[in-house]
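Working notes, structure below.
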Amino acid sequence: MVRRMLAWLFVTAASVTAVFAQPPQEPAREQYVPIDQLPPSEQMPSAPLVVAAYSVVWLVAMFYAWTIWRRIGKVEDDMLALARKQKDAGR
Amino acid sequence: MKKAFVPLLIVATLMFAYAPVMIAQAPFESTMFLLQKIMYFHVPSWFAMFAAVAISAIGGIWYIFTNDKRGDQLAVAGAEVAVMFGAMGLTTGPLWAYKAWGVAWQWDAKLTIALLLELTFIAYLLLRKYGGPGSDKLSAGVALFGLANVPFVYYAVQLWRTIHPLNTVVPSLPPGMREPFWFCVFGFLLLMTLLVAMRARLERLRTTLDDLYLADDES
């Protein structure tokens, strides 16, 4: 008897939990909404994303080329400094 | 390469300046409209990364088997350029996905393996910087692992169930979309070649400087 009661309680509790765990149902649509009438939070223009993508590519490529240029310049300066040091030392 | 560098740099710059014009004239895709135009820079950046990875691995093999410093210089150059193009691909992709999928990132097989490839080459560069003596040959091995990863990145959409667009998109591009796409691919590969050449020159100069310092210390 106690076992049956416990099983009944468990099934009821599980069912109630399952019912309340369901996501709230969206009300049925009564009409279509044109895209330009959507709230701003649901609109996502593509143009800024496209512009951002192209800008990233340009900026990353230019920045990287500049870093190589700068590093080459630094190494060349070090080579010149070494050559000058050797010349001053009379070697 | 020395003589051809400046003319090729001019060609690459002109190509990158003209690419947006070609892309703007290309027809809109029927479901993504303007957003699809990110593909013209996103896919070529991955092609350039794969090519740079191949250069790094070939340089690594060359260095492992011959001990020729030129192989190592090429491997380092390829690895660094690969990281740069990978960063481009990993930035432009999420910008597209943010609208197309509603989320910038998904732990999808293709994306995850692509991220692993990028991390492999970041590990390569860290190993070179902080690995100490012997790290040159170890990193050559890392580059080979990276190259082995490339087919998995490319064929991930066929091997696993992913939400990334299929590889068949590229060969089936209709006229009007095909020309700007291959124009961009060529432009990216040219840029990659020039950057690898520049970076390899830097490595060559560093080797020369190290040799000069050694000779100076000995004398």
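Worth saying up front: this structure is predicted, and the values here are computed from it rather than measured.
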- Greatest number of non-hydrogen atom pairs under 4.5 angstrom with chain A, of B:F188, B:W96, B:Y213, B:Y40, falls to B:Y213
- Nearest-0.5 Å distance, CG of residue B:L205 to CE of residue A:M79: 5.5 Å
- Query: Heavy-atom distance under 4.5 Å to chain A: side chain of B:Y98, backbone, both or neither?
  - Reply: both
- Query: When rounded to the nearest 0.5 angstrom, what is the spacing between CG in B:L209 and CG in A:L80?
  - Reply: 10.5 Å
- Query: What's the spacing between A:L82 CG and B:T208 OG1 if we round to 0.5 Å?
  - Reply: 11.5 Å
- Item | Partner chain A: residue of B:R206, B:M32, B:R199, B:Q36 with the largest heavy-atom pair count (under 4.5 Å) | B:R199
- Please state whether the side chain, the backbone, both or neither of B:S45 comes within less than 4.5 Å of a heavy atom of chain A. neither
- Message: Measuring from atom NZ of B:K99 to atom CG of A:L49, what distance do you get when rounded to the nearest 0.5 angstrom?
- Response: 7.5 Å
- Item | Which portion of A:V50 sits near chain B, non-hydrogen atoms under 4.5 angstrom | both
- Query: Can you find a pair of side-chain heavy atoms, one from B:D216 and one from A:K85, that are under 4.5 Å apart?
  - Reply: yes
- Neighbour count above 12 (heavy atom, 6.0 Å) for B:F183 CZ: yes
- Message: Atom CH2 of residue position A:W69 - does it have more than 12 heavy atoms of other residues, nucleotides or ligands inside 6.0 Å?
- Response: no
- Against chain A, work out which of B:F41, B:F33, B:F16 has the most heavy-atom pairs shorter than 4.5 Å and name it. B:F41
- Query: Hey, are A:E76 and B:R201 close enough for a salt bridge, meaning a charged N less than 4.0 Å from a carboxylate O?
  - Reply: yes
- Query: Is it the backbone or the side chain of A:A47 that comes under 4.5 Å from a heavy atom of chain B, or both, or neither?
  - Reply: both
- Query: Most heavy-atom pairs under 4.5 angstrom with chain B, which of A:V56, A:V75, A:T67?
  - Reply: A:V75
- Note on the structure: The reported gap from OH in A:Y54 to CD1 in B:I23 (rounded to nearest 0.5 angstrom) is 3.5 Å
- Query: Rounded to the nearest 0.5 Å, what separation is found between the CG atom of B:L34 and the OG atom of A:S46?
  - Reply: 5.0 Å
Do any side-chain atoms of residues 58-66 of chain A form donor-acceptor pairs under 3.5 angstrom with protein atoms, and if so which ones, sequence neighbours left out?
| residue | atom | partner | partner atom | Å |
| --- | --- | --- | --- | --- |
| A:Y64 | OH | B:E80 | OE2 | 2.7 |

